[in-house]
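The structure appears right after this line, and notes come after that.
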Amino acid sequence: MLTQNQLAVIQQTVPVLQENGEALTRHFYARMFRENPEVRPFFNPAHQQAGTQQRALAGAICAYAQHVDNPAALADAVELIAQKHVSLGIQPQHYPIVGANLLASIQEVLGVDETSEIVDAWAAAYGALADIFIGREGALYQHQQDAFGWQGFKPFVVARREMESENIISLYLARQDGEALQPHQPGQYITVRVTPPGGQPVMRNYSLSCAPGESHYRISVKRELAPADAAPHGVCSGYIHEHIQEGEVVEVAPPCGEFTLADSAGDGVPLVLVAGGVGITPLLSMLHGALAQQKGREVIFIQCAVNGAVRPFASELQMLTDSHENLHCHVRYSEPSAQDKAKGGFDSTGFLDRALLDQLVGERRAEYYFCGPVPMLKALYGVLQEKGVDDADIHYEFFGPAEGLAA
């Protein structure tokens, strides 16, 4: 337990961390990868290159410093991180590596001596936080064993491979040992591990896009191209698109994730699912789950895409709409092509805005789940705040390190 003096010192460092947080985390990651290269496979190089990982960690450190006397206030953040750690196989022995490099970075970036009360306080604070994570992650590993029958990675066979759009491919994965799969929670993801020829093992989280209880897991992978000349293409997504064929074996860790479909909020409360691009994947699983488990509930599914060429699951959504009177699907293209305009297949154009939500939902209370590109998430969150939607009815997920949505 931290002493009162240590708590005070941590809280006094908040302004310094707010000013130097990203410099500290950039230094930390560079130091850790240099001193402990064995942990590098746990991190996505694209997120490192873009700086999102460093910004996310800086924000997390500042938030912990602000709430160090009341860690319960960070329960949601702890759960999100613990789920990610378990999906990648983080173990208790990894925490001392992170701690040693973090404390060394505090000394080197902030220019404090190792005997400083700042280092002493942060050592105690890190130890307390590590204990919280280790305890929660141990419970999650046990849950995986109980709910799905295994921990760590198991071999799965690619039973089927289908193109969903120009840039998204689906893999249908079945256990190599033939054992049945237990149902996942709609919205969860699995971790896939592949080893490109001559390369190191690569792990990535992919949302399950199938209905719970299927005989296979379905992941739907967007080919991630470099966002800038100096940035790398997606290593795992590129390998899956170019090399993984039917009959091949990949390694899979059990489902994880806290972005899951809750029970209905009550009679007459519609469920609104808003998908942007490949962000449709967890929401499509939620849609299947809601239609099967919350029968009769009004479901409004809004799919946003650039155009028809990169819109996935058009046939599947049409089939579900045709067979469920309580489902209304609205498709919006931001840049429809000439071919799209000629053949139709979409309902409106432009970016997601309040006018569309007012048209489809009005002033009724509704539960919102959304996933997609960060600009879309921020815009939608802002609209929901303007409409006065309660935070308890707003649920979203980032693909990659979490960021704040509030302006």
Side-chain angles (χ1 to χ4, degrees), residues 10-11 13-34 36 39-68 71 73-85 87-88 90 94 97-99 101-106 108-110 122 125-126 129-130 133 189 203-205 224-235 257-259 276-279 370-382 385 396-407:
I10 292 294
Q11 291 172 330
T13 63
V14 170
V16 178
L17 292 173
Q18 289 173 333
E19 182 178 350
N20 300 283
E22 286 191 43
L24 174 64
T25 54
R26 283 196 300 270
H27 183 94
F28 159 74
Y29 280 116
R31 189 185 200 284
M32 185 169 64
F33 294 156
R34 182 181 68 248
N36 299 95
V39 304
R40 187 182 286 273
F42 293 113
F43 298 89
N44 187 326
H47 298 153
Q48 292 287 322
Q49 180 79 23
T52 51
Q53 188 76 60
Q54 294 90 330
R55 288 193 292 274
L57 179 58
I61 290 174
C62 285
Y64 181 49
Q66 290 171 317
H67 299 284
V68 67
L74 300 173
D76 290 346
V78 167
E79 183 65 15
L80 184 152
I81 295 169
Q83 293 274 355
K84 290 290 185 182
H85 283 179
S87 76
L88 298 171
I90 299 294
H94 293 121
I97 294 174
V98 173
N101 285 285
L102 179 60
L103 293 175
S105 296
I106 289 174
E108 293 160 6
V109 173
L110 302 185
W122 270 103
Y126 177 79
L129 186 61
F133 277 114
Y189 54 82
M203 295 180 288
R204 294 291 184 269
N205 299 141
E224 297 290 351
L225 301 178
D229 290 341
H233 293 302
V235 174
E258 83 299 336
F259 179 64
V278 75
F370 49 104
C371 184
V374 173
M376 188 203 85
L377 299 186
K378 290 184 175 181
L380 178 53
Y381 184 79
Q385 292 291 296
Y396 55 88
E397 179 165 69
F398 286 92
F399 284 170
E403 302 178 37
L405 291 188

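Keep in mind that this is a model prediction, so the values were computed, not measured.
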Completion exercise
To the nearest 0.5 Å, atom SG of C62 lies from atom CD of E19 at 11.0 Å
Problem - Ring-ring centroid check H94 F42, cutoff 6.0 Å - result: yes
Fill in the blank from the handout: Tightest non-hydrogen contact, residues P373 and G276, listed as CD-O, 3.6 Å
Completion exercise
Sorted by chain and number, sequence neighbours left out, salt bridge (Lys or Arg N to Asp or Glu O under 4.0 Å) with E108 holds for R31
Practice task
Please round to the nearest 0.5 Å and tell me the distance separating atom CD of Q18 and atom OG1 of T13.
Solution key: 9.5 Å
Exercise for the section: Enter the distance from I97:CD1 to M32:CE here, rounded to the nearest 0.5 Å. Expected result: 8.5 Å
Exercise for the section: Locate the shortest heavy-atom distance separating F133 from V78; write the atom from each residue and the value. Expected result: CE2-O, 3.5 Å
Practice task
Give, for atom CZ of R26 and atom CZ of R55, the distance between the pair rounded to the nearest 0.5 Å.
Solution key: 9.5 Å
Exercise for the section: Examine K378 relative to Y396 and say whether NZ or CZ is less than 6.0 Å from the centre of the six-membered ring and inside a 45° cone about the ring axis. Expected result: no
Exercise for the section: Would you confirm whether Y64, through its side chain, and P71, through its main-chain N or O, come within 3.5 Å as a donor-acceptor pair? Expected result: no
Handout entry: Closest heavy-atom pair and its distance - H27, S105
Key = CD2-OG, 3.3 Å
Practice task
State which residues pass salt bridge (Lys or Arg N to Asp or Glu O under 4.0 Å) with R204; sequence neighbours excluded, sorted by chain then number.
Solution key: none
Completion exercise
OH (Y189) and CG (N205) are apart, to the nearest 0.5 Å, by 5.0 Å
Handout entry: Contact check, side chains of I61 and L102, non-hydrogen atoms, under 4.5 Å
Key = yes
Handout entry: L17 side, atom CG; L110 side, atom CG - distance, nearest 0.5 Å
Key = 7.0 Å
Fill in the blank from the handout: Taking every heavy atom of F370 against every heavy atom of L380, the minimum-distance pair comes out as CG-CD2, 3.3 Å
Practice task
May I ask you to check whether F43 and Y29 place their ring centres under 6.0 Å from each other?
Solution key: yes
Practice task
Specify the closest pair of heavy atoms between M203 and L88, including all atoms of both residues, with the distance to one decimal.
Solution key: SD-O, 3.7 Å
Problem - Any Y126 side-chain heavy atom under 4.5 Å of I106 side chain - result: no
Exercise for the section: Identify, with sequence neighbours excluded, every residue that meets side chain to side chain donor-acceptor pair (under 3.5 Å) alongside Q83. Expected result: E79
Handout entry: Which atom of I10 lies closest to which atom of A65, heavy atoms considered
Key = CG2-CA, 3.8 Å
